[in-house]
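Worksheet for the structure shown next.
Heavy-atom basis, side chains included; hydrogens, waters and symmetry copies ignored.
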Amino acid sequence: MKKNRDSKEKDHVVQSIINALRIFHEGDRKFVYFSFYKNISEGIFDSLYGIYLIKYIYECIENQVDFKKLFVLVSIFAIVHIIIHLTSAYHNYCMKISEMKMYRHIFSKIIRHAKKIPVNQYENPKFYDNFSRALDESLEQGIWGMLFTTFGMGQILGSIVAMTILASVDVVLLAFVIVPVIGSLYFGIKESGEQFAGRRDETVGKRKMEYAKRVFYEKKYASELRLFPISEVLFGIQKEGYLERYHKLRPHQNKIALYRIIETILFAGLVTLGSYMYITYRLKVGGSTAVASYVAMIAAIGGIVQSISEAIEFFSQSGKLCMYMNNIKEFMECPVEDLTDQSILPQGNMGNISFENVCYHYEGSDQMIINNLNIQIRKGEHIALVGENGAGKTTLMKLLMGLYPLSEGRILVGGQDISKYEPSAYRDCFGTVFQDFQIFSLPLGENVLMKCPETEEERQLVIDSLEKAQFGDVLEKMPDGIDTYLTKEFDENGFVCSGGQAQKVAIARVFAKNPDVVILDEPSSALDPIAEYNMYCNMMEASEGKTVFFISHRMSSARMADRILFLEHGKIVEEGTHEELLAKGGRYASMFRLQAQNYQEEMGGGLYAN
């Protein structure tokens with residue numbers, strides 16, 4: 001059983017190297033071939049130059065060969081040596097360019113796949129571990145794993161050439177090389193497996209340490225860190241992560257140390273000492289007359305030992321680094337959204353929506369977030385979703401957009417089950433602003449259009465959308481207009497949005513997209529009530545004839561809706577217009593009047609007047 005397990009470990013390392021070479025071959029095949037050529041030719045030449053040439057010179061001196069013959073061969077070796085160095089310099093130049101090319105290939109491969117993975121997977125810690133390893137470790141370590149493979153191949157082939165020369169002098173000398181090589185290769189593979197296993201086992205602890213570090217240097221946490229004693233808790237998380245990493249890594253490091261001790265004994269004992277004693281015996285006791293050849297082989301054995309030692313180290317490093325490329329393979333095997341040949345494209349009336357017995361619970365939990373919900377929405381209807389935090393409002397919208405898979409029931413949009421639509425094309429029918437929207441470190445125009453404006457019409461669309469979102473007064477003060485960078489990450493003169501300004505930029509995206517269905521999830525939480533009211537008026541006017549869902553904890557905004565749905569524990573407990581729900585005197589009326597008391601003096605009663 002242990003033998004089978006060891007065999008599987010070796011196969012795993014070899015497969016990892018093959019997998020890494022395949023990925024890099026896709027990224028830049030010319031550089032991969034060039035790397036093999038350069039390092040193999042160097043390895044073979046070093047053996048010929050350092051062993052065969054020395055042996056030939058000694059033999060020429062011993063046999064008094066004509067100097068001209070020796071000069072010609074030495075000159076040829078010198079010329080080839082210069083060519084080898086020039087090739088190496090050119091390879092270093094190509095490597096800098098190719099690294100970026102292959103990095104971009106791998107990054108694109110991962111991100112394209114990530115876009116196809118269901119959003120609910122992002123709430124799975126195991127998914128985050130796979131994603132983090134695929135992006136961070138694989139991209140950084142994998143290229144060097146490929147290069148170490150080529151270095152190792154060069155040293156191995158160079159060693160074979162050297163051992164061929166060695167055997168031509170005395171075949172017995174091979175025994176002092178081959179036996180330790182087999183042992184060292186075995187322990188080198190075991191070492192690579194332990195290093196990779198250690199890195200995998202430490203992932204959770206490392207993630208805790210990285211989180212604590214990130215909190216201390218990111219700007220958004222700076223105020224809380226200074227106002228509250230949360231630092232000690234974070235230090236505790238960092239320490240906990242450190243201890244987890246220490247206890248996970250220690251057994252692997254102990255095994256690695258043992259393997260290296262055994263490798264050292266094999267080389268220092270059997271190879272160096274044994275071979276030197278045998279050559280001394282052959283020259284002194286055996287009476288060999290090939291003194292020049294044996295003297296050259298003393299240096300040759302040292303060279304072979306060095307080459308094999310480097311080859312094993314290169315392959316050990318290659319195995320370890322290429323095994324990180326398995327993170328990409330594992331990530332690429334993450335399940336993606338179902339897409340069949342029968343997938344259809346949205347067309348016609350996408351505003352008619354029907355929820356039929358819809359249920360949803362998070363993976364691994366039986367608690368229903370949405371519980372047997374049924375509702376019909378007509379095209380052009382403006383729907384307000386209200387309720388306490390955790391009622392299921394945002395989750396319901398994510399189910400509608402197909403971001404989460406339904407646990408039970410179905411959703412019909414445009415008369416078709418949403419599972420039949422091509423996911424990307426279907427989501428393109430929605431214009432959304434969520435609570436956790438993001439501002440990108442890109443020009444303002446790209447932040448609104450979510451792509452680079454290519455025509456004057458598109459640039460004007462951006463400006464019009466910003467004005468509708470009440471961002472026009474800020475835009476007028478920007479020296480570069482819509483070409484102004486947001487945030488200072490790439491431009492020290494970049495514009496840093498306040499919370500309210502950032503929300504207006506996010507809202508402008510909806511105006512620019514002109515979607516069939518508009519979803520506004522707390523888009524105005526950073527706006528004052530007057531600005532929020534004006535924003536909703538603009539949005540409703542621009543969305544005339546479109547289906548609109550908006551979620552807001554400010555009940556004054558809900559008055560604009562054609563219909564209000566009050567959610568509680570994933571169910572619709574009240575439904576109707578603002579006036580109808582006030583007349584019922586239920587949960588909605590109670591919440592509305594409570595907010596009206598708080599805002600009555602500030603707003604003069606206008607927004608909350610019955």
Side-chain angles (χ1 to χ4, degrees), residues 6-7 10 13-14 17 36 39-63 73 77 148-192 259-319:
D6 292 342
S7 177
K10 294 177 186 177
V13 173
V14 173
I17 294 175
F36 273 103
N39 289 311
I40 289 174
S41 62
E42 277 187 6
I44 293 174
F45 178 78
D46 287 346
S47 294
L48 294 173
Y49 185 80
I51 299 175
Y52 176 78
L53 183 59
I54 297 299
K55 174 178 174 291
Y56 183 78
I57 292 173
Y58 284 168
E59 288 176 346
C60 287
I61 295 172
E62 186 178 41
N63 300 322
L73 184 63
F77 267 92
F148 281 141
T149 301
T150 65
F151 293 149
M153 286 296 296
Q155 294 300 323
I156 286 292
L157 293 177
S159 298
I160 291 173
V161 170
M163 286 190 288
T164 302
I165 299 171
L166 193 69
S168 69
V169 175
D170 190 336
V171 72
V172 176
L173 292 175
L174 292 177
F176 298 101
V177 176
I178 293 174
V179 174
V181 165
I182 295 172
S184 294
L185 283 173
Y186 171 78
F187 287 111
I189 292 173
K190 296 283 288 183
E191 182 180 329
S192 294
Y259 297 151
R260 289 181 176 175
I261 290 172
I262 296 173
E263 288 179 53
T264 302
I265 292 173
L266 283 172
F267 277 111
L270 185 56
V271 177
T272 307
L273 182 61
S275 60
Y276 275 44
M277 290 181 65
Y278 174 75
I279 290 175
T280 302
Y281 170 81
R282 287 288 294 159
L283 293 176
K284 187 69 177 176
V285 181
S288 174
T289 58
V291 176
S293 296
Y294 272 105
V295 170
M297 288 309 102
I298 291 177
I301 291 174
I304 294 172
V305 169
Q306 181 66 27
S307 293
I308 293 175
S309 176
E310 290 179 356
I312 291 173
E313 180 62 24
F314 283 139
F315 278 117
S316 175
Q317 291 295 319
S318 172

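By the side-chain hydrogen bond (donor to acceptor under 3.5 Å, both in side chains) test, Tyr259 pairs with no residue at all, sequence neighbours left out. Residues passing the side-chain hydrogen bond (donor to acceptor under 3.5 Å, both in side chains) test with Thr149, sequence neighbours excluded: Ser318.
Between the SG atom of Cys60 and the NZ atom of Lys55 there is a distance of 10.0 Å, given to the nearest 0.5 Å. The CD atom of Gln155 lies 10.5 Å from the OG1 atom of Thr150; values are rounded to the nearest 0.5 Å. Interatomic distance, CG of Leu173 versus CD1 of Ile165, reported as 13.0 Å (0.5 Å rounding). Put simply, CG on Asp46 and CD1 on Ile44 are 10.0 Å apart, with the number rounded to the nearest 0.5 Å. Atom OH of residue Tyr52 and atom CG of residue Leu73 lie 6.5 Å apart, to the nearest 0.5 angstrom. Residue Ile156 holds its CD1 atom at 5.5 Å from CZ of Phe315, rounded to the nearest 0.5 Å.
Between Phe314 and Phe148, the angle of the ring planes stays under 30°, which puts this pair in the parallel group of the 30/60° scheme.
Residue Ala162 comes nearest to Ser47 through the heavy atom pair CB-OG, 3.9 Å, listed as atom of the first residue, atom of the second, then distance.
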Legend entry - Check against side-chain contact (heavy atoms from CB on, under 4.5 Å), Leu48 and Phe77: CA-CA 9 Å; Leu48 294 173; Phe77 267 92; 3.9 Å; yes
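For Phe45, the CZ atom is densely surrounded, since the number of other residues' heavy atoms within 6.0 Å is greater than 12.
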